[in-house]
Amino acid sequence: MKIGVISDTHIEGPDYGLCEIVEKHFYDVDLILHAGDLGRLSVPKVFGEKKVVAVHGNSDHSSVQSKLPRTDIVPIGRFRIGIIHGDGNDTGQNFDEWIRNMEDRIREEFNDVDCIVYGHTHYPVIHHRNGILFLNPGTPNPFARHFGRTSVGILEVGDDEITGQIIYLDEG
């Protein structure tokens, strides 16, 4: 199964940039995971008939926070994928330490998962820690990027493993 992964869109509704991502990168996915900070509840409409599983983020409007959960778990085959936005900021910490600390906190939110999809940092991350694949797709929004690149992610769930990749949307 191929899964499109997105986070931190921070928009008021479907826009051309998001439509372009769907056409170029998510056209053949079976499912889309949105790890929060959508902006508004109308954002997932751009994904058309594709199933979307989304959680709310810290910057989401109260209408989004009241409709979407803070965390979710999606079972796919024999695997379980946890979804959460993330929290905190990097005040007083170096960036790598902030990411590690956040991943430690969000790991505690889930029992028995094989992959955790998160957002919040606007920085793409993909790696294994303690047997769990962590994927942060970064942000596709050029006005929300803090690290020079816009990006989304892809997960591939097979019979025996979950793999992922970051797709950079701009030249950097």
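- Taking the six-membered ring where tryptophan is involved, the planes of His122 and His10 are tilted, since the angle between them lies from 30° to 60°.
- The hydrophobic clustering, which links ILVMFWY residues whose side-chain heavy atoms are closer than 4.5 Å, places Leu33 and Ile6 apart.
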For this session: Decide side-chain contact (heavy atoms from CB on, under 4.5 Å) for Asn141 and Thr150; before the verdict, give the C-alpha distance in whole Å, the side-chain angles of both, and the deciding distance to 0.1 Å.
Result: CA-CA 6 Å; Asn141 186 332; Thr150 53; over 6 Å; no
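- One finds no salt bridge joining Asp114 and Arg78 here, because no Lys/Arg side-chain nitrogen approaches an Asp/Glu carboxylate oxygen to under 4.0 Å.
- From Ile32, atom CD1 reaches atom NZ of Lys2 across 11.5 Å, with rounding to the nearest 0.5 Å.
- A donor-acceptor pair under 3.5 Å is formed between the side chain of Arg80 and the backbone N or O of Asn111.
- Scanning both residues, Gly153 and Pro137, for their nearest heavy atoms gives N-CB, 3.6 Å.
- Between the side chain of Arg149 and the backbone N or O of Tyr168, no donor-acceptor pair lies under 3.5 Å.
- In this structure, NE2 on His56 lies 11.5 Å from OG on Ser63, to the nearest 0.5 angstrom.
- Residues Ile3 and Ile76 have side chains in contact (heavy-atom distance under 4.5 Å, counting atoms from C-beta outward).
- Linking ILVMFWY side-chain heavy atoms closer than 4.5 Å, directly or via other members, places Val5 and Ile154 in two distinct hydrophobic clusters.
- Separating the CG atom in Leu135 from the NE2 atom in His128 is a distance of 10.5 Å, to the nearest 0.5 Å.
- Counted within 6.0 Å of NZ on Lys51, heavy atoms from surrounding residues, nucleotides or ligands total 12 or fewer; the atom is thus considered open.
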Problem set entry | Chi angles and distances behind the side-chain contact (heavy atoms from CB on, under 4.5 Å) call for Lys24, Leu169 | CA-CA 10 Å; Lys24 286 185 176 180; Leu169 305 173; over 6 Å; no
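- What you find for Val52 and Pro44 is that their closest heavy atoms are CG1-CB, 4.2 Å.
- Taking 4.5 Å as the limit, every side-chain heavy atom of Val64 sits out of range of all side-chain heavy atoms of Val43.
- Following chains of ILVMFWY side-chain contacts shorter than 4.5 Å, one can reach Ile166 starting from Leu133, so the two form part of one hydrophobic cluster.
- One distance of note links CG of Asn58 with CZ of Arg70; it measures 11.0 Å at 0.5 Å rounding.
- Gly36 and Asp60 make their closest contact through C-OD2, 4.0 Å (heavy atoms, listed as atom of the first residue, atom of the second, distance).
- Atom NE2 in His34 sits 11.0 Å away from atom CD1 in Ile83 (nearest 0.5 Å).
- Between Phe26 and Phe47, the angle of the ring planes lies from 30° to 60°, which puts this pair in the tilted group.
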Exercise. Run the side-chain contact (heavy atoms from CB on, under 4.5 Å) check on Ile81 and Ile162 step by step: do they pass?
Worked result: CA-CA 10 Å; Ile81 301 171; Ile162 299 176; 4.3 Å; yes
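- Side-chain heavy atoms closer than 4.5 Å link hydrophobic residues (I, L, V, M, F, W, Y) into clusters, and following such links, even through other members, never connects Phe79 to Ile73.
- Val53 and Leu41 are assigned to two separate hydrophobic clusters, defined by single-linkage of ILVMFWY side chains at heavy-atom distances under 4.5 Å.
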Exercise. Can you check side-chain contact (heavy atoms from CB on, under 4.5 Å) on Asn130 and Arg107, steps first, answer last?
Worked result: CA-CA 10 Å; Asn130 301 320; Arg107 171 62 189 100; over 6 Å; no
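- Considering only heavy atoms from C-beta on, Met102 comes within 4.5 Å of Asp87 through its side chain.
- In the displayed structure, Asp28 atom CG is contacted under 6.0 Å by more than 12 heavy atoms of other residues, nucleotides or ligands.
- Closest non-hydrogen pair, Val46 versus Val22, comes out as O-CG2, 4.0 Å.
- Nearest heavy-atom pair, Pro140 versus Val152, reported as atom, atom and distance to 0.1 Å: CB-CG1, 4.1 Å.
- Side-chain N or O atoms of Ser59 include none that pairs as donor or acceptor with a backbone N or O of Asp37 at under 3.5 Å.
- Checked by atom type and distance alone, the side chain of Asn136 pairs as donor or acceptor with a backbone atom of Gly119 at under 3.5 Å.
- Remark: of the listed residues Ile99, Val117, Ile116, Ile116 is the sole one forming a side chain to side chain contact (heavy atoms under 4.5 Å, CB included) with Phe134.
- Between Ser7 and Ala35, the shortest heavy-atom contact is OG-O, 3.2 Å.
- Within the model, atoms NE2 of His85 and CG of Leu38 stand 10.0 Å from one another, a figure rounded to the nearest 0.5 Å.
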